[in-house]
A.B. asks: 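Sharing a structure with you now.
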Amino acid sequence: MNVAYYPGCVAKGGAPELYRSVKLILEPLGITPTELFDAACTGAGVLTERNPLLADALNGRTFAMAEKRGMPIMTICSTCTGTMLACNERLQDAGYRGRVNELLAPEKYEYQGTTQIKHLLWILVEGVGLERVRALVRRPLSGLRVAPFYGCYLVRPSALVSADHPDRDTYLEQLVAALGGEPVEYESARKCCGFPVITMNRDAGLRMTGRNIEDAKSHGADVMVTPCPLCHLNLDGQQHEAARALGVPLGVPILHLPQLIGLAFGFTPRQLGMSHHLVRPGAVLERYAESATV
Amino acid sequence: MEVKLSVQRCHPDARPASWWQDYTVDVPEHATVLDALLAVRDDQDETLTLRCSCRSHICGSCTMRINGRSTLGCKTKLDAARARLREGEPIRIQPAGNMAVIKDLAVNLEGFFDKVKAVTPYLQPTGPEPEREYIVPNEAMLTVREAMACILCGACVSACNSLEAEPRFLGPAALAKAWRFTEDPRDGRDAERLEFLSSVPGGIWDCTHCFACVEVCPKDVRPMERILELRRRSMEAGFTDNNGSRHSQAFLDTISRSGRLDETRVAMRSVRGPSELLEWTPVGVKSFLRGKVPLRHKPIPGALRVKAIFAAAEAQGRRDSKRGAR
Ligand code: SF4
Ligand code: SF4
Ligand code: FES
């Protein structure tokens with residue numbers, strides 16, 4: 001399957017381990033990426049809030065690049081996905097699209113409105129198929145209790161995300177099970193990680209992060225998995241501070257979606273860049289590896 | 001048709017104060033969750049407390065959480081409530097979130113209405129009074145009307161992710177109301193309203209953009225979109241001495257410079273001075289040591305062309321907002 005790969009800014013900035021682990025798993029999955037090196041940031045909703053036309057122009061430019069190649073866009077970030085879906089929806093209006101295309105004209109881009117936007121998670125379930133994923137598992141995650149954490153924009157607004165695929169808010173659970181792990185059910189799985197307010201109201205952002213992790217932990221999670229690197233920045237990066245703010249011990253490793261898949265496919269934590277994490281997954285994964293070999 | 005309900009009961013004087021109780025009721029096929037609860041109260045358990053009045057999604061009093069989702073009991077058909085349940089699994093009913101429970105499904109709405117009152121939810125015209133009524137062009141009221149559809153049911157507040165962590169947050173319903181008055185051509189106190197909303201603790205910058213309010217509002221008020229618009233308008237009006245505006249500006253600047261987001265620079269420029277920066281130092285240092293802070297921020301190849309799009313779109317955007325077409 002050919003996809004126009006849009007890694008987003010964080011995978012090439014604060015979460016290099018994400019970029020690296022995506023590279024490892026795509027080949028066995030039969031996904032051939034053409035990376036859109038010249039695509040700009042989606043604006044993560046912040047640009048849309050400032051100036052929708054600007055956000056739609058930058059994203060329309062990216063959509064046009066994929067359209068030219070006749071490929072769907074593959075994202076690896078919930079926030080990129082949500083921002084793009086909203087822009088693409090506005091760009092379905094031919095009149096408005098014309099206005100945006102005028103801004104793109106100097107570069108000779110002209111978006112026709114046909115590009116599809118899909119998160120890697122959606123491609124796995126809807127395109128590759130969980131059967132095929134299951135067949136690729138070399139080291140089932142048996143005994144590992146994994147709490148899914150979606151990131152808002154992969155589940156809301158449902159009108160944009162799941163109108164045609166009503167089960168998208170259960171894909172992570174399905175995937176964890178396909179990899180041989182035990183999906184943990186808990187209330188916070190589809191809540192906000194707290195990242196969007198972390199620089200505006202740090203205490204509230206930390207409380208959100210901390211409570212989500214605490215909820216997962218109290219339901220027995222060994223690790224959490226997220227398809228959103230911004231959630232990761234908060235859940236992993238701020239976990240220590242969140243634990244202090246709440247006055248509870250946390251210590252729950254947070255894996256990027258492709259890292260979890262990579263583990264089950266037999267790659268090592270080192271190959272998957274886990275040494276970059278602030279909460280080191282080492283101990284948990286060793287415990288799981290021991291029980292896996294018994 | 002027989003339905004199973006599992007209701008989270010609550011009585012502050014009981015021990016435990018909260019417990020789950022299961023009921024099975026026989027109700028017509030087309031019934032709503034509210035109908036089923038009323039049937040329980042009428043035929044099985046008169047101690048079950050809940051609020052309702054219109055039974056047709058107008059009064060906004062039957063807000064509750066059904067299978068975790070904040071909504072109106074009278075707007076939720078049993079079919080819909082059962083659609084994604086497993087065989088034999090009961091419909092889960094809980095009181096609205098983010099509000100203290102008085103008993104069972106009745107919650108204390110005082111705080112909710114205090115916040116609505118805090119945004120001065122009435123017209124404040126300025127200038128000379130017209131001799132007769134205020135005349136407003138139809139088009140000007142079309143968007144305002146979308147937010148006027150609010151029935152103050154509190155479903156959005158019940159679902160709000162920010163409110164869970166920041167009780168001071170004015171919340172989606174009150175802020176949608178505030179937007180409605182800044183947007184009304186008869187109101188003359190835009191500047192005061194925007195200044196208040198952008199500087200008060202719990203104001204517009206505390207929304208975490210989670211879409212929960214947009215998702216659950218039974219009247220399609222889309223509170224979050226109103227809040228984002230209030231942010232834009234408050235920045236345009238010059239109320240920028242807050243971390244939200246600083247973050248927004250820094251974000252804009254890094255993308256216009258390189259086409260890509262530079263998280264480190266944005267974080268550093270978003271905070272208010274050295275003391276706040278200090279709070280961030282431990283995370284910053286750790287992230288740096290773990291190789292999470294790129295030493296060089298690499299622009300995309302087409303950065304200059306992106307910059308040109310910025311300039312053109314910004315010029316048009318400014319024209320748009322002058323015309324009032326947002
Ligand atoms: S989008 Fe903002 S106002 Fe709406 S529910 Fe989320 S945090 Fe609350
Ligand atoms: S905005 Fe919608 S959900 Fe919120 S109180 Fe009004 S009608 Fe209810
Ligand atoms: S009873 Fe009036 S809105 Fe439900």
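Basis for what follows: all heavy atoms, side chains included, without hydrogens, waters or symmetry-related copies. By convention in this document, chain letters (A, B, ...) are assigned in the order of the sequence lines, proteins followed by strands, and residues within each chain are numbered from 1.
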A.B. asks: Determine the option with the most heavy-atom pairs under 4.5 angstrom with chain B, choosing from A/D169, A/L206, A/T170.
C.D. replies: A/D169
A.B. asks: Check B/D206 against A/V197 and note the closest heavy-atom contact, atom names and distance.
C.D. replies: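 Scanning both residues completely, I find the closest heavy atoms to be O-CG1, 3.7 Å.
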A.B. asks: Do the side chains of A/E107 and B/R305 get close enough for a salt bridge, i.e. N-O under 4.0 angstrom?
C.D. replies: yes
A.B. asks: Given heavy-atom pairs under 4.5 angstrom as the criterion, report whether the side chain, backbone, both or neither of B/I255 touches chain A.
C.D. replies: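 Contact with chain A involves the side chain of B/I255 alone.
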A.B. asks: Tell me, side chain or backbone of A/V10 under 4.5 Å from chain B's heavy atoms, or both, or neither?
C.D. replies: both
A.B. asks: Could you please spell out the steps behind the salt bridge (charged side-chain N to carboxylate O under 4.0 Å, His left out) verdict for A/K191 and B/E164?
C.D. replies: CA-CA 11 Å; A/K191 281 193 179 164; B/E164 287 178 17; 3.1 Å; yes
A.B. asks: Would you mind checking which part of A/T48 comes under 4.5 Å of any heavy atom in chain B, side chain (CB onward), backbone (N, CA, C, O), both or neither?
C.D. replies: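 Answer is backbone: N, CA, C or O of A/T48 sit under 4.5 Å from chain B.
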A.B. asks: Does any backbone or side-chain atom of A/A39 lie under 4.5 Å from a heavy atom of chain B? Answer side chain, backbone, both or neither.
C.D. replies: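 Contact with chain B is through the backbone of A/A39 alone.
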A.B. asks: Quick check on A/H240 against chain B: is it the side chain, the backbone, both or neither that has a heavy atom closer than 4.5 Å?
C.D. replies: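 Looking at A/H240, just its side chain touches chain B.
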A.B. asks: Can you tell which part of A/P106 gets under 4.5 Å to a heavy atom of chain B, answering side chain, backbone, both or neither?
C.D. replies: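 Answer is neither: A/P106 stays 4.5 Å or more from chain B.
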A.B. asks: What part of A/D56 is in contact with chain B, defined as an atom under 4.5 angstrom from a non-hydrogen atom: side chain, backbone, both or neither?
C.D. replies: neither
A.B. asks: Between B/R84 and chain A, with a heavy-atom cut-off of 4.5 Å, which part of the residue counts as in contact: side chain, backbone, both or neither?
C.D. replies: side chain
A.B. asks: What part of A/S158 is in contact with chain B, defined as an atom under 4.5 angstrom from a non-hydrogen atom: side chain, backbone, both or neither?
C.D. replies: both
A.B. asks: Output, in order, the C-alpha distance, side-chain angles, deciding distance and verdict of side chain to side chain contact (heavy atoms under 4.5 Å, CB included) for B/Q316 and A/R99.
C.D. replies: CA-CA 10 Å; B/Q316 284 205 30; A/R99 258 183 86 191; 3.1 Å; yes
A.B. asks: Can you tell whether the side chains of B/R231 and A/E49 come within less than 4.0 Å, N to carboxylate O?
C.D. replies: yes
